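Take a look at the structure below.
The structure displayed is predicted, hence computed values, not measured ones. Side-chain atoms are counted along with the backbone in the values below, which use heavy atoms only and exclude waters and symmetry mates. Within every chain, numbering begins at 1; the chains are lettered A, B, ... in the order of the sequence lines, protein sequences first and strands thereafter.
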Number of protein chains: 2
Amino acid sequence: MKLPDLDKIIHERARLRILACLASQTSHRCSFLELKDKLDMTSGNLSSQLSVLESSEYIAIAKGFRGKKPYTEVSLTSKGSEAFDDYLDTLDTMIAALKPRT
Amino acid sequence: MKLPDLDKIIHERARLRILACLASQTSHRCSFLELKDKLDMTSGNLSSQLSVLESSEYIAIAKGFRGKKPYTEVSLTSKGSEAFDDYLDTLDTMIAALKPRT
DNA sequence: TTTCTTTAGTTTGTAATACAAACTAGTTTG
DNA sequence: CAAACTAGTTTGTATTACAAACTAAAGAAA
C-alpha cells in the first residue's frame, strides 16, 4: 500500500482554503477583498499566496476598477479546477482507505 | 461561511502520511523502518517528523532491540488518534461543502 | 490647496520548518 | 583488525509562509 502524494502547491493551508473558497462559488470567482474577509487572512499573505497559485496557473487574476477603486478578481482556471479535484480525490481515497469500519 | 482551519501539526504532508500509516494499522503501531519503507522517506526526515509528532503527544516512541539491532516502535496515542479523526472530519466537512452538485 | 485618512493591494524581511547530508553508535563480514 | 553495513540522530541549508512596512490613488477635512 503505497500512500499517494499530495500536490504541494495545493496542500498549503492558506492556498487550500483559497481554492476551496473559489471552488465553492458557482462562478468560480472571488474578489480579493472577499477572499481576505472570508479566509481572515492579511492582505500581504493573501497577495503572496495568490501569486504562487497564479504562477502554477491554478488561478487567474484580473485587475480592474469598481468605480475609482482597484478591484482584483480571482478566478479558478480549468487547470486549477482539475488539480483541485485531483487533490480532493486523493484525499478521499486516503480517507476511505483509513476507515475500514463501516 | 467561515472555512474551518486545519491542525498545523497534522497538516504537513510527511506527518499526515505518517499518521495515516499508523491509523491504517489495526494495532496503530509501526516500526521506524516500516514507516521509512512504506512512506519512502529518508531516515533523517522521518526522524525529525516523528520528533515533532512526539512533542505534540500524537505518537509515542518506544526504543528497544530486536536481537542486537536497535528497533524503534512508533505508536499512535489516543490523543493523536482523536486529533487525526478531527482532522479528517474537518476535511470531510470541507469536501462535502464543496460538492453541491449531486 | 495642502494635509490627513482610508482603501486596495504589493514588496521585503524574518522566523519557522521541511528536508537531506553528514554524523553517531553499534554489528557483521572479510 | 579494518571495512562495510544497520538503524537511527543531529546539523545545516534552502524553502517558504507570513506580517510589517511600504506604495499609490481617492476622499475628507481644514
How far apart are the C-alpha atoms of Arg15(A) and Ile10(A), what are their side-chain angles, what is the distance that settles it, and do they pass the side-chain contact (heavy atoms from CB on, under 4.5 Å) test? CA-CA 6 Å; Arg15(A) 290 191 295 264; Ile10(A) 296 183; over 6 Å; no
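- Rounded to a whole Å, the OH atom of Tyr71(B) is 19 Å from the C1' atom of dT9(D).
- In this structure, the side chains of Tyr71(B) and Leu33(B) stay at 4.5 Å or more apart for every pair of heavy atoms.
- Both Asn45(B) and Lys8(A) lie close to DNA chain D; mapped to their nearest nucleotides by heavy-atom distance, the more 5′-ward contact belongs to Asn45(B).
- Computed from coordinates, the Ile9(A) CD1 to dT16(D) C1' distance equals 11 Å when rounded to whole Å.
- At least one donor-acceptor pair closer than 3.5 Å links the side chain of Thr77(A) to the backbone N or O of Tyr58(A).
- At the heavy-atom level, Leu46(B) lies nowhere under 4.0 Å from the strands shown.
- Whole-Å rounding puts the Arg13(A) CZ to dT16(D) P distance at 17 Å.
- For dG9(C), the OP1/OP2 oxygens have no side-chain nitrogen or oxygen of Ser43(A) closer than 4.0 Å.
- One interatomic measurement links the two molecules: CD1 of Ile18(A) to P of dC18(D), which rounds to 10 Å at whole-angstrom precision.
- Within 4.0 Å (heavy atoms only), Ser51(B) reaches no atom of the nucleic acid at all.
- Among the nucleotides dT6(D), dA20(C), dG8(D), the one closest to any side-chain atom of Phe32(B) is dG8(D).
- Of the candidates Arg29(A), Arg66(A), Lys63(A), Arg29(A) is the only one forming a salt bridge (Lys or Arg N to Asp or Glu O under 4.0 Å) with Glu73(A).
- In this structure, Lys68(B) does not reach the dC5(D) phosphate: none of its side-chain N or O atoms is under 4.0 Å from OP1 or OP2.
- For the pair Arg66(A) CZ and dA25(D) C1', the interatomic distance rounds to 18 Å; values are reported in whole Å.
- Pairing for dG30(C) goes to dC1(D), judged as Watson-Crick or G-U wobble with the two contacts each under 3.5 Å.
- Relative to the side chain of Gln49(B), the nucleotides dA19(D), dC19(C), dG8(D) differ in distance, and dC19(C) lies closest.
- Heavy atoms of Lys63(A) sit under 4.0 angstrom from primed sugar atoms or phosphate atoms, though from no base atom.
- Straight-line distance from the CG atom of Leu50(A) to the P atom of dT11(C): 12 Å, rounded to whole Å.
- What separates CG of Asp37(A) from C1' of dA8(C) is a distance of 14 Å, to the nearest Å.
- The distance between atom CE of Met41(A) and atom P of dT10(C), rounded to the nearest whole Å, is 13 Å.
- You'll find that the side chain of Glu12(B) is closest to dA18(C), out of dC18(D), dA18(C), dT10(D).
- Listed for the Ser47(A) side chain is no donor-acceptor partner under 3.5 Å among the backbone atoms of Ser43(A).
- Checking the phosphate oxygens (OP1, OP2) of dG8(D), a side-chain nitrogen or oxygen of Thr72(B) falls inside 4.0 Å.
- Looking at heavy-atom distances under 4.0 Å, Arg15(A) makes contact with sugar-phosphate atoms alone, never a base.
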